[in-house]
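In what follows, a single structure is set out as structure tokens and then discussed.
Each chain gets a letter, A, B and so on, in the order its sequence line appears, and its residues count up from 1. Values below: every heavy atom of this structure, side chains too, minus hydrogens, waters and symmetry copies.
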Amino acid sequence: MIRLAYDKGTILVYGNVRVPGSVWDTRAGAYRAPAYLYKDIRAYGESSGFTFRDDVLDLVPSPELKMRTVLRDYQERAVSAWDRAGRWGVVVLPTGAGKTHVAMKAISMANPAIVVVPTLDLLAQWKERLEDEFGIDVGVYSGDEHSLGPVTVATYDTAYIRAAELGNRFLLAVFDEVHHLPSTGYSTIAEMFACPARLGLTATYEREDGRHSELPRLVGGKVFEKSVESLKGEHLAPFELKRIYVRLTPEEEAQYQKDMEIYKNYLKENHIILRTPRDFERLVMRSGRDRHAREAILARHRARAVALNSSSKLEALADVLRKHSGDKVLIFTEHNELVYRISRQFLIPFITYKTGGEERSRNLAEFKAGNYRALVTSKVLDEGVDVPDASVGIILSGSGSKREFVQRLGRILRKKGDKKAVLYEIISGSTSEVKTSYRRHRGVDK
DNA sequence: TTGACTCAACATCCTTTGCTACAA
DNA sequence: TTGTAGGTTTCCATGTTGAGTCA
């Protein structure tokens, strides 16, 4: 007879049976394993013919949760795939394809459940939608409020801080925007949770740092994927990508070349070849000790800023805006400086992280109502904010992140009749930005 | 309760050539 | 011969958020 118990994010195995993944804990007088192995530990015990006393889960009381909304066929297939995979796994769906409905179906099958989200905005949206769907009081775990319900919504930050106390209260853990989960801190949430059922949701599985390789261990691998392309036209607006290349002004060109020269020379003189993100990380670490490395990196920053914020881009922007004078337009940039310049020059309202909550909602509402035709922003609207539809997106600058690109594309894809959406990219030709742009497209625009 | 602040955490930051030691 | 990893020990800058503190 072995007894399993939950202890602050771990499973204690009493009865002198060493289960895989556990180590002996002298003080507890038991083997101890991370809580995410709970399901495996049970399976191991059962296949070895042990009898159990299982005291791990201490579930929040939950009524039967019935789903009223009827799922679309692909949403139904996503849930089945997850179910077949042993109720572990990640569903990849583009923005606007109804990930919430997939999760709600899963919640109706396995509850009590916790939904972990990256922002307070998303927390509020999930709470509202879950209450509408199931007619229950939804619990909230955030900085301001701690209440448990049959379904509880928590921020990643609070789930991280309180993982030890939440870890055995739910059957199912849903991780919204699950690409956040593999980061060093947040991954401990999944490790300290015993939930035998797990569902991850995202529009972009891959991370630039490659840590998505951790997802199979933490929530299960990818069990279902639907690309933007396959939903284009039927469930999402058809779209077109247009690249516009501009030339730097002569002064910018001179500045760019000068700074890139400093950067490249440093690499050359020190026999440094950058192949992977890790190589670049090393260079950054080196710059903490090596004055010349620091100068090189600063020069590279200046060069990049020149390319991303070139004034030629504003002329191209003016052309695009003229061409789409009757459309709703969202403009994205990498840096806030450019946001402010555009806002001043074209008299377009802006939103950055410094924009207060009230002004932010007001700008979004006016944009939604059509009183503002355009909105300019840097990265705040990339994720986790309910942004009103637009039919034209203009990426004036951005990173090489595929995720950022897909999220920005998602902002113009909600279906509005047969209207075709257009996403422009304005790129400084003959600069490193050309490659950055290609990198973010990988696998998206074919 | 609100607002202003600080702090910690997260994400991106790369790919042109070049070196050297070691493994397949 | 060809291919590939290399190196740790917290990190140049910018953008963004949630939590916590204090008035």
- Query: Is A/Arg169 close enough and on-axis enough to A/Tyr6, meaning under 6.0 Å and within 45°, for cation-pi?
  - Reply: no

- Note on the structure: When A/Tyr353 and A/Thr158 are each assigned the nearest nucleotide of DNA chain C, the 5'-most assignment goes to A/Tyr353

- Message: Looking at B/dT12, I'd like to know if its phosphate oxygens (OP1 or OP2) sit under 4.0 Å from a side-chain N or O belonging to A/Ser401.
- Response: yes

- Message: Does A/Asn336 reach a base, just sugar-phosphate, or nothing at all? Heavy atoms under 4.0 Å.
- Response: sugar-phosphate

- Length of the CG-C1' vector between A/Leu283 and C/dG7, whole Å: 14 Å

- Are A/Arg360 and C/dT17 close enough that a side-chain N or O sits under 4.0 Å from OP1 or OP2? yes

- Task: State which of C/dA19, C/dT17, C/dC12 makes the closest approach to the side chain of A/Val380.
- Result: C/dT17

- Task: To the nearest Å, give me how far apart CZ (A/Arg304) and C1' (C/dA13) are.
- Result: 9 Å

- Query: Within the structure, does a side-chain N or O atom of A/Lys354 lie under 4.0 Å from either OP1 or OP2 of C/dT16?
  - Reply: no

- Message: Once you apply a heavy-atom cut-off of 4.0 Å, does A/Leu274 come out as touching a base, just sugar-phosphate, or nothing?
- Response: sugar-phosphate

- Distance check: side-chain N/O of A/Arg439 vs OP1/OP2 of B/dC14, anything under 4.0 Å? yes

- Does A/Thr352 make a side-chain N or O approach to OP1 or OP2 of C/dG15 shorter than 4.0 Å? no

- Item | Nearest to side-chain heavy atoms of A/Asp157, which nucleotide of C/dG15, B/dC10, C/dG18 | C/dG18

- Message: Taking the side chain as everything from C-beta on, heavy atoms only, tell me whether A/Glu334 gets closer than 4.5 Å to A/Ser399.
- Response: yes

- Item | Under 4.0 angstrom between A/His180 side-chain N/O and B/dA11 OP1 or OP2 | yes

- Task: Would you indicate, yes or no, if C/dT16 has its OP1 or OP2 atom less than 4.0 angstrom from a side-chain nitrogen or oxygen of A/Ser378?
- Result: yes

- Tell which nucleotide pairs with B/dT1, taking only Watson-Crick or G-U wobble pairs whose two distances are both under 3.5 angstrom. none

- Query: Going by distance alone, is a donor N or O of one side chain under 3.5 Å from an acceptor N or O of the other, for A/Asp290 and A/Tyr266?
  - Reply: yes

- Task: Under 4.0 Å between any heavy atoms, over every strand shown, what does A/Glu295 touch: base, sugar-phosphate, or nothing? Just pick one.
- Result: nothing

- Distance-only, no hydrogens or angles: does the A/Glu133 side chain make a donor-acceptor pair with backbone N or O of A/Met67 under 3.5 Å? no

- Message: Under a 3.5 Å distance rule, please check whether A/His146 uses its side chain to pair with a backbone N or O of A/Ser142 as donor and acceptor.
- Response: yes

- State whether A/Thr155 places a side-chain N or O below 4.0 Å from either non-bridging phosphate oxygen (OP1 or OP2) of C/dA19. yes

- Message: So if I take every side-chain heavy atom of A/Arg294 and compare against B/dT12, C/dA13, C/dT14, which nucleotide ends up nearest?
- Response: C/dA13

- Task: Respond yes when some side-chain nitrogen or oxygen of A/Ser183 is under 4.0 Å from OP1 or OP2 of B/dC10, and no when none is.
- Result: yes

- Message: Work out how far the P atom of B/dC14 is from that of C/dT14, and round it to whole angstrom.
- Response: 15 Å

